[in-house]
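In this text the structure is predicted, and so the values were computed from the model without any measurement.
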Amino acid sequence: MSSLKLVMAYSRVLKTLKLKSHVIFIQRTFVLPRLLLSKRAEGKFVTFGRQSSSTPARAEKAEDSFFKWFLLLIPVTTFGLGTWQVKRRQRKMQLINELSRLTTAEPIPLPLDPNELKSLEYRRVRVRGEYDHAKELYILPRSPVDPEKEAREAGQLSSSGETGANVITPFHCTDLGVTILVNRGYVPRQKIRPETRMKGQVEGEVEVVGVVRLTESRKPFVPNNDVVKNHWHYRDLEAMGSVTGAEPVFIDADFQSTTPGGPIGGQTRITLRNEHMQYIATWYGLCAATSYMFYAKFIKKIKF
């Protein structure tokens with residue numbers, strides 16, 4: 001009986017110890033985190049909260065650095081493009097001045113050497129002979145060129161709302177013994193047919209001063225020449241020569257060749273685009289604007 005009591009007492013002690021050990025374990029689980037937090041609060045550990053707050057700061061710093069260099073690249077690039085356009089404009093103005101000089105220079109006799117003619121486009125030449133009005137060709141549609149305005153504006157296009165055609169007439173050169181093609185000039189649409197401008201059909205031997213022009217390729221969206229209808233949209237000297245029996249030599253008659261009731265001469269159009277001043281203003285304007293943004297954002301520290 002005493003032994004039974006001893007066993008029961010021992011079992012109670014074990015249960016008590018077991019419960020106390022659980023309590024100690026549970027208390028340790030709550031105490032240890034507090035100790036860790038208190039130690040972190042004392043500066044012995046870096047807390048998780050501080051690590052998470054530093055990540056956006058680094059990302060924002062990297063973003064500002066990228067934006068800074070990207071913004072600096074824009075004014076540098078646009079300044080270079082603007083300077084490049086200044087140089088291009090200078091070259092274009094030199095070319096326009098050279099073409100203007102050629103079209104107003106003293107005329108020379110027309111050479112028939114094809115190799116020499118290739119280097120004489122826009123050069124003024126002089127020929128003497130007779131027109132063959134029965135084989136006229138028409139380049140259309142065309143708008144009239146004001147010769148004085150053309151010379152004054154040095155190659156810029158000038159056009160009115162009026163359209164018509166340029167009359168191309170075979171011209172037999174009595175001094176050279178060959179037939180060439182002469183652009184006599186512009187006629188309005190209602191005057192394209194020869195019978196509507198008989199007073200302007202020059203007869204007999206005349207002297208013509210004009211500008212040498214070379215053959216040209218068909219540009220995009222320009223229709224093909226229609227030989228059957230006699231509608232020409234660009235200068236194809238080989239085709240025009242085969243139709244009229246002339247040599248593939250072409251000149252634009254000057255304004256002085258104009259006769260009352262006939263085509264208006266001086267229809268040479270120096271088609272050189274000169275829009276570089278607009279590009280210069282655009283690039284330098286962007287350079288100035290982005291330079292100010294860089295200064296305000298990263299030097300003066302103004303927030304946008």
Open item on the list: Determine whether a donor-acceptor pair (N or O, by modelled atom type, separation under 3.5 Å) exists between the side chain of H133 and the backbone of E203.
Closed with: no
Task: CG on L181 to CG on L237, rounded to 0.5 Å - done: 7.0 Å
Task: Same apolar cluster (I L V M F W Y, side chains within < 4.5 Å links), F250/L137 - done: yes
- [ ] Give the ring-plane orientation class for H233 versus H231, where under 30° counts as parallel, over 60° as perpendicular and anything between as tilted.
- [x] perpendicular
Open item on the list: Side chains of R197 and V187, heavy atoms from C-beta outward: is any pair under 4.5 Å?
Closed with: yes
TODO: Would you check if I168 and W232 make a side-chain contact, meaning some heavy-atom pair closer than 4.5 Å?
DONE: no
- [ ] Quick one: pull up CD in E136 and CG in N230 and give me the separation to the nearest 0.5 Å.
- [x] 8.5 Å
TODO: Locate the shortest heavy-atom distance separating P263 from G200; write the atom from each residue and the value.
DONE: CD-O, 4.5 Å
TODO: Over all heavy atoms of both residues, which pair between Y234 and S217 is shortest? Give the atoms and the distance, please.
DONE: CD1-C, 4.2 Å
Open item on the list: Taking salt bridge (charged side-chain N to carboxylate O under 4.0 Å, His left out) as the definition, give me every residue that meets it alongside R218, ordered by chain and number, with sequence neighbours left out.
Closed with: none
Open item on the list: Using 0.5 Å steps for rounding, measure from the NZ atom of K118 to the CG atom of D113.
Closed with: 9.5 Å
Open item on the list: Between V76 and F79, is the side-chain contact (heavy atoms from CB on, under 4.5 Å) condition met? List the steps.
Closed with: CA-CA 5 Å; V76 171; F79 180 81; 6.0 Å; no
Open item on the list: Are D132 and T179 packed together at the side-chain level, in the sense that at least one heavy-atom pair is separated by less than 4.5 angstrom?
Closed with: no
Open item on the list: Taking V228's backbone N and O only, do any of them form a donor-acceptor pair with D226's side chain (distance below 3.5 Å, no angle check)?
Closed with: yes
TODO: Examine V178 and I108 and state if one hydrophobic cluster contains both, with Ile, Leu, Val, Met, Phe, Trp and Tyr joined whenever side-chain heavy atoms are less than 4.5 Å apart.
DONE: yes
Task: Shortest non-hydrogen contact from P107 toward V209 - done: CB-CG1, 3.9 Å
Open item on the list: Can you see whether T163 engages R189 through a side-chain donor-acceptor pair at a distance of less than 3.5 angstrom?
Closed with: yes
Task: R88 to W84 six-membered ring, cation-pi geometry met (6.0 Å, 45°) - done: yes
- [ ] Measure the OG1-CE distance between T282 and M277 for me, rounded to the nearest 0.5 Å.
- [x] 10.5 Å
- [ ] Determine whether Y186 and L140 fall in the same hydrophobic cluster, where Ile, Leu, Val, Met, Phe, Trp and Tyr are linked whenever their side-chain heavy atoms lie under 4.5 Å apart.
- [x] no
Task: Residue pair T215 / D236: nearest heavy atoms and the distance that separates them - done: OG1-CA, 3.7 Å
- [ ] Report yes if some heavy atom in the side chain of I180 is under 4.5 Å from a heavy atom in the side chain of I251; otherwise report no.
- [x] yes
TODO: Starting at CD1 of I264, measure out to CZ of R184 and round the result to the nearest 0.5 Å.
DONE: 11.5 Å
Task: Test item: K199 and P260 side chains (from C-beta on) under 4.5 Å apart, heavy atoms - done: no
Task: Minimum-distance pair of heavy atoms, taken over all atoms of V206 and V202 - done: CG1-CG1, 3.6 Å
- [ ] Could you give me the CA-CA distance, side-chain angles and deciding distance for V211 and N183, then say whether side-chain contact (heavy atoms from CB on, under 4.5 Å) is met?
- [x] CA-CA 10 Å; V211 175; N183 176 12; over 6 Å; no
TODO: Quick one: list whatever passes side-chain contact (heavy atoms from CB on, under 4.5 Å) with E98, sequence neighbours left out.
DONE: R101, L102
Open item on the list: Quick check against the 3.5 Å criterion: does T169 have a side-chain atom that pairs as donor or acceptor with the backbone of V182?
Closed with: no
TODO: Could you tell me whether R213 and D252 make a salt bridge, using a distance below 4.0 angstrom between a side-chain N and a carboxylate O?
DONE: yes
- [ ] For the residue pair L120 and P111, establish whether any side-chain heavy-atom pair is separated by less than 4.5 Å.
- [x] yes
Open item on the list: Are V208 and I139 connected into the same hydrophobic cluster when the rule is that any two of I, L, V, M, F, W, Y join if their side-chain heavy atoms are below 4.5 Å apart?
Closed with: no
Open item on the list: Is there a side-chain contact between F171 and C173 in this structure, where contact means two heavy atoms from C-beta onward sitting under 4.5 Å apart?
Closed with: yes
Task: Evaluation steps, side chain to side chain donor-acceptor pair (under 3.5 Å), between Y284 and T83 - done: CA-CA 8 Å; Y284 280 156; T83 305; 3.0 Å; yes
Task: Polar side-chain atom of Q267 near backbone of V145 as donor-acceptor pair, under 3.5 Å - done: yes
Task: Pairwise side-chain contact, I280 with R89, heavy-atom cut-off 4.5 Å (strictly under) - done: yes
Open item on the list: Nearest 0.5 angstrom please: R235 CZ to E216 CD, how far?
Closed with: 4.0 Å
Task: Closest approach of Y138 to A165 (non-hydrogen atoms, all atoms of both residues) - done: CB-CB, 4.3 Å
